[in-house]
Amino acid sequence: MTKKIFIVFIACLGLNLSYSQSIEESLQKEIPKEQVYLHLNSSLLFSGEKLLYKFYSINAQTQKLSKLSKVGWVVLVNSDKEIVFQHKLNLEEGQSYSDFFIPSDLQSGAYKILGYTSWMLNAEENYFEQDIQILNPYQKNNEGLILQENPGSTSGNITKEAEADLELKLNKTSFSTREEVVLNLENTTEIVGNFSISVRRIDSFGKPTLLKSTNFNKLYKNKSWNFSDNFILPEVRGSVISGRVSVNDNSVLKSKNLIVSFPGEESQVNIVSIDDKGEFSFIINNELAVDELLLQLTDYTQNDYDIELFQTAQPDFSGLNFKKPVVETGFKDYILEKSINNQIENAYSATKADRTIFPKDKGYFFGQELLKFNLDDYTRFPEVAQTFVEIIEFGRVRRNQNGTHSIMVRNQNINGEFTLPALLIVDGVVVQNHDKLVSFDAERIQRISILRSKYFFGPAIYQGVVVVKTKDGEFPKVFRENYMKSKLVTKAQIPKKYYSPNYKNEDLDRIPDYRTQLWWNPNIDLGDFSKEFSFYTSDLKGKFEINIEGFIGTGNPISIRKTFNVVE
């Protein structure tokens, strides 16, 4: 299976490799290595706040954004080396972003956030690593902290602007509460790139220093890549899912393929082959809105087999070192104020909600060839069989001699009916028992579509396709069979547009505003011209920092920090 996947992978990349080359030599020579940088909004977070991050995948040789991997991974690890969260990201031009809400049951203490691609795991400890401290004031026992007697203040030092080919200008240096801040990024030279911006209040807590895009690559010095029989291929087309089918009689698998379906996801339906060991592999090449995977063998209705999904490769955490955060008792009043502010902000979270950008299912790739019948456009019939007779042209329900039913399609080339049943798909899931559709309530069906040609579906060939979309689009339970194996997979994080108030256009006079994080925009595209952006201060006073990180098209990193004050 490994050799087969490697050959397919090389074909996908279009690499021309000599047969005399070893796999290790080929991989080292032909495929660029990758590095990851994470831009974080802060290295110290309280319960009730969000850890925000932007993911950059970098070509280690050119230092430009990498186009190799299409999937990135981010994990938060606690001091016991346990995973708090693991995020999968769909990468576009080597970039993505997401966030993690710090819950009230997460212990105070030291954490690590790691960023990597699967391809990077061929080298030991080859990942982005940043220390994170979490403070949970709602716990009575904070064993993960060291308390130190020393009065503190919340005034921060001014951070000078880093050198860059960008000039950052503000309309002024001191602002009132709820006042608009106008930010200009002026190109001193022509710059094309993608950047992320964080604007956050400064405090004088002792906390880990955030790595900049200008110095992150020190993490990757002296990393030795080790390609072996267990090498991990880059996810160049999407997330790779692998597993094994176990059945008492292995001879069953010689004539079977595996049907892959995600309920409600039209673009993910697939049929894949199984090797002589029962192993299989396929790629999720689109964003998923669901995390359930349904697997079934073709032309097999017995429930005497099991399916195991192999665990996704992840870093070895054994080498991680953690240092307990030190919290000065003089910050007690500040911590109390911060906690109250967070609770107020979360109480109004519905008013200030981020907008989730749900992925649109791209549909079946044969969609334009489908002859579609929206049943609401016709006189409704209560039974599916009658609906086919009266409405669905070129399709019919055939009653077999054993009393079962088959959905048939008429061939468009010879204008005659195919001799074998069509492939039936309901809400993105292949349904092998056509009787289930025949007995289904036709009133619950929104659309029936017909494909009137032979369909090469993975290693299988079908004589026509019938696609059914129900009104709720969620694959009704009545179609589920006990031979369908349900598995959970990690779906990619769904992009968001992060909330930022606009006091000019929104009626927010009676809504309190205790935002520490004034603005977070992970996707700033400068283009070839000067750009102007704006955001509003909150009801909090103090010193705030603007932090811009990113990479221009030539591969040069840009890191800028600038401060301003909110005084009244």
Side-chain angles (χ1 to χ4, degrees), residues 1 4-5 8 240-285 292-310 364-366 395 397-398 400 402 404-409 411 417-438 440 449-468 475-476 478-487 489:
M1 173 64 80
K4 185 187 298 183
I5 295 176
V8 172
V240 178
I241 305 294
S242 301
R244 181 185 297 111
V245 180
S246 300
V247 62
N248 293 332
D249 184 3
N250 285 331
S251 64
V252 171
L253 301 178
K254 293 183 179 180
S255 60
K256 304 300 178 188
N257 297 312
L258 190 67
I259 302 173
V260 177
S261 306
F262 290 85
E265 297 285 327
E266 297 179 353
S267 59
Q268 297 296 337
V269 62
N270 197 3
I271 297 182
V272 298
S273 58
I274 305 170
D275 69 8
D276 54 4
K277 296 181 180 179
E279 296 184 358
F280 60 89
S281 181
F282 61 92
I283 293 174
I284 303 174
N285 53 15
E292 184 188 20
L293 167 64
L294 288 180
L295 300 165
Q296 54 185 308
L297 296 174
T298 55
D299 302 319
Y300 196 74
T301 58
Q302 298 184 52
N303 186 28
D304 60 352
Y305 68 95
D306 293 314
I307 295 179
E308 170 196 6
L309 295 185
F310 298 151
Y364 307 103
F365 64 83
F366 48 74
V397 177
R398 184 184 72 186
N400 303 317
N402 61 359
T404 61
H405 297 85
S406 297
I407 309 297
M408 311 297 293
V409 171
N411 190 338
E417 188 175 83
F418 283 120
T419 58
L420 295 177
L423 173 67
L424 175 61
I425 305 175
V426 178
D427 291 340
V429 180
V430 174
V431 175
Q432 300 188 78
N433 184 355
H434 291 193
D435 284 328
K436 292 286 188 178
L437 178 62
V438 175
F440 189 65
S449 305
I450 302 290
L451 180 67
R452 298 181 61 204
S453 59
K454 287 186 178 181
Y455 179 46
F456 295 85
F457 197 24
I461 303 175
Y462 288 89
Q463 296 186 338
V465 180
V466 174
V467 178
V468 176
F475 191 61
V478 67
F479 287 102
R480 292 177 179 259
E481 303 279 3
N482 57 11
Y483 55 78
M484 292 181 178
K485 306 300 181 180
S486 176
K487 300 292 181 180
V489 296

Asks: Counting N and O atoms only, with roles assigned by atom type, does the side chain of D435 sit under 3.5 Å from a partner on the main chain of H405, one being a donor and the other an acceptor?
Replies: yes
Asks: Contact between V252 and Y305 at the side-chain level, heavy atoms closer than 4.5 Å - yes or no?
Replies: no
Asks: For a side chain to side chain contact (heavy atoms under 4.5 Å, CB included) check, start with the C-alpha distance between I450 and V466, then their side-chain angles and the critical distance, and finish with the verdict.
Replies: CA-CA 5 Å; I450 302 290; V466 174; 3.7 Å; yes
Asks: Does the side chain of I271 come within less than 4.5 Å of F282's, by heavy atoms?
Replies: no
Asks: Could you tell me the separation between the CG atom of L258 and the CD atom of E279, rounded to the nearest 0.5 Å?
Replies: 12.5 Å
Asks: Less than 4.5 Å apart, any side-chain heavy atom of V468 and any of V431?
Replies: no
Asks: Of the non-hydrogen atoms in F475 and P263, which two are nearest, and what is the gap between them?
Replies: CB-CB, 4.0 Å
Asks: Could you please spell out the steps behind the side chain to side chain contact (heavy atoms under 4.5 Å, CB included) verdict for T301 and E481?
Replies: CA-CA 8 Å; T301 58; E481 303 279 3; over 6 Å; no
Asks: Can you see which heavy atom on L297 is nearest to which on K256, and at what distance?
Replies: CD2-CB, 4.4 Å
Asks: Mind listing the closest non-hydrogen atom pair of G278 and L253 along with its distance?
Replies: CA-CD1, 3.8 Å
Asks: If you count heavy atoms of other groups shown closer than 6.0 angstrom to NZ of K454, is the number above 12?
Replies: no
Asks: Please test L293 against V260 for side chain to side chain contact (heavy atoms under 4.5 Å, CB included), starting from the C-alpha separation and ending with a verdict.
Replies: CA-CA 7 Å; L293 167 64; V260 177; 3.5 Å; yes
Asks: Side chains of I259 and F457: closer than 4.5 Å at any heavy-atom pair?
Replies: no
Asks: Out of curiosity, R398 CZ to I407 CD1, how far, rounded to the nearest 0.5 Å?
Replies: 10.5 Å
Asks: Does the side chain of I425 reach to within under 4.5 Å of the side chain of E266, using non-hydrogen atoms?
Replies: no
Asks: For the atom pair OG (S406) and CG (L437), what is the distance rounded to the nearest 0.5 Å?
Replies: 11.5 Å
Asks: Is there a donor-acceptor contact under 3.5 Å linking the side chains of Q432 and Q296?
Replies: yes
Asks: Could you grab the distance from atom CG of N433 to atom OH of Y483, nearest 0.5 Å is fine?
Replies: 5.0 Å
Asks: If you compare all heavy atoms of N257 against all heavy atoms of A460, which two are closest, and at what distance to 0.1 Å?
Replies: ND2-CB, 4.2 Å
Asks: Compare all side-chain heavy atoms of L451 with those of V467 and state whether any distance is below 4.5 angstrom.
Replies: no
Asks: Out of curiosity, T298 OG1 to Y462 OH, how far, rounded to the nearest 0.5 Å?
Replies: 6.0 Å
Asks: Would you give the length of the straight line joining atom CZ of F262 to atom CG of L295, rounded to the nearest 0.5 angstrom?
Replies: 8.0 Å
Asks: Identify the two heavy atoms, one from I284 and one from Q268, that lie closest to each other, and give their separation to 0.1 Å.
Replies: CG2-OE1, 3.6 Å
Asks: Taking it one step at a time, do M484 and F479 satisfy side chain to side chain contact (heavy atoms under 4.5 Å, CB included)?
Replies: CA-CA 10 Å; M484 292 181 178; F479 287 102; 5.8 Å; no
Asks: Quick one: closest heavy-atom pair of G428 and S261, and the distance?
Replies: O-CB, 3.5 Å
Asks: Between P476 and K436, is there a side-chain heavy-atom distance shorter than 4.5 Å?
Replies: no
Asks: Out of N400, V397, L424, which one pairs with H434 under the side chain to side chain contact (heavy atoms under 4.5 Å, CB included) rule?
Replies: L424
